[in-house]
Amino acid sequence: MHDIRWIRDNPEDFDRGLARRGLPPRAAEVLALDREWRALETSAQDWLATRNRLSREVGAAKARGEPADELLGQIARGKDIEAAGAAKAADLRRKLDDLLASLPNLPAPEVPDGPDETANKELRRHGAPPQFNFAALPHETIGEKLGLMDFPRAARLSGSRFVVLKGALARLERAIAQFMLDLHTQEFGYTEIAPPLLVRDEAAFGTGQLPKQAEDMFQTREGLWLIPTAEVPLTNLVAGEILDAAALPLRFTAWTPCFRSEAGAAGKDTRGMIRVHQFNKVELVSITRPEESEAEHERMTQCAEEVLKRLGLVYRVVLLSTGDMGFAARKTYDIEVWLPGQNTYREISSCSNCGPFQAQRMKARYRPPGEKGTRPVHTLNGSALAVGRTMIAILENFQRHDGTVAVPEALQPYLGGQTVIGDG
């Protein structure tokens, strides 16, 4: 959430940040609610002092044997006023919190302005797209021809946007995830976590999925939410805590299924595995001190890039525009992998620096050395990588003219030395 104290001091900057997100100014509305709420809080404190004084006077009157009816009447009337004021203050606070919770994070200064992905800025490319002496096939055609990717049976089981993987592709998916986890834990210092896949409202609110993105999530009858990404449980591991500054940064990774309704994706990527309701992903989350978050963002992105480098995949890195960033992000790098079957780059990872935005929603803090108070930590998250999309990239980039697929060298140890998929 946004820091109301910062908005009080910087209302114009707050509105400029919202304008960069394509939103109207809201500082005046926020500050009007804040002033009214603070006035009621001041009145409540004044009445508390008055009530304490009247109570002392009642005690003194009784000690002298004098009547205290008038003083007790003042206290009783004040309690009625106090109750009404408390109810109004609580209502104002709810309205203020709901308004602040509905507003996205403000973009970092270097984020390009623009309405959508057309304003994204390409930063770098790695590798050159492979050249084939045959027409490159999309991944779903490759998988179906191998008899290892089954969409019709998945549809009978669960409806559209699901897939059944068989044999070598099921094993390949597991191998990709294991390779990623080993890389991130053994070389990059992330701690592996096996988190719950169902979370409460508070967790989804803390990372910014609620209330704005509820339609893109699945909810159980008991009110729990299926995680759309392991970012939700991993980041919320520190919710409500005051962390030891010396222990920061904290780095977590997890391999989990992810569940998304794709409510806004009607007509998009209806074929294949690009956009499905259930997919596996290896997630990275970092919890840092504010002064370290920018460097951590670059480091996290490099960790995700290293996966693609070791798999021999071609990719580019883009800086997302203000109109293409997620709700909780202040700056996001997307890594897009080359897909020959589509003859284009497609997103395979998003690495975002959320600054203190999520921490303020989660009440996650740390105590700087030598200071009495606490400050919000900074949180970052990134895909490293989406496992299904990595498999898609392998199928399309390493396909061969005879319909088989070469296995990247980095994955061969996880497949018992297997070098080819589909050779019988």
Query raised in the report: Does a salt bridge link Glu110 with Lys331, judged by any charged N lying under 4.0 Å from a carboxylate O?
Result: yes
Would you tabulate the side-chain donor-acceptor contacts of residues 144-153 under 3.5 Å, counting partners in other chains and residues two or more places apart, or write 'none'?
{"residue": "Asp150", "atom": "OD1", "partner": "Arg153", "partner atom": "N", "Å": "3.0"}
{"residue": "Asp150", "atom": "OD2", "partner": "Arg153", "partner atom": "NH1", "Å": "2.7"}
{"residue": "Asp150", "atom": "OD2", "partner": "Lys166", "partner atom": "NZ", "Å": "3.4"}

Check your understanding: Run the side chain to side chain contact (heavy atoms under 4.5 Å, CB included) check on Ser261 and Glu215 step by step: do they pass?
Key -> CA-CA 7 Å; Ser261 71; Glu215 68 170 7; 5.5 Å; no
Checklist line | Between Gln358 and Glu231: side-chain donor-acceptor atoms closer than 3.5 Å | finding: yes
From the list Leu320, Asp334, Asn120, Asn105, side chain to side chain contact (heavy atoms under 4.5 Å, CB included) partner of Met325 resolves to Leu320
Q) Any salt bridge between Asp9 and Arg5, counting N to O under 4.0 Å? A) no
Note to self: Distance alone, cut at 3.5 Å: any donor-acceptor contact between the side chains of Tyr414 and Asp182?
What the structure shows: yes
Quiz prompt | Test item: side-chain donor near acceptor, Glu305 and Tyr315, under 3.5 Å | solution = yes
(request) Using a strict cut-off of less than 4.0 Å between a Lys/Arg side-chain nitrogen and an Asp/Glu carboxylate oxygen, indicate whether Asp13 and Arg16 qualify as a salt bridge. (result) yes
Applied to residues 19-30, the side chain to side chain donor-acceptor pair (under 3.5 Å) test, sequence neighbours excluded, yields Arg20-Asp113, Arg26-Glu29
### Message
Could you check whether Lys281 and Thr229, counting side-chain N and O atoms only, form a donor-acceptor pair closer than 3.5 Å?
### Response
yes
Quiz item: Under 3.5 Å, is there a donor-acceptor pair linking the side chains of Glu298 and Tyr333?
Solution: yes
Below 4.0 angstrom, N of the basic side chain to O of the carboxylate: do Lys95 and Asp98 qualify? no
Practice item. Would you please say whether a donor-acceptor pair under 3.5 Å links the side chains of Ser383 and Ser349? Key: no
Heavy-atom nearest pair, Ile394 first then Ala406, reads CG2-O, 4.3 Å
Is any NZ, NE, NH1 or NH2 atom of the basic residue among Arg310 and Glu187 found under 4.0 Å from an Asp or Glu carboxylate oxygen of the other?
yes
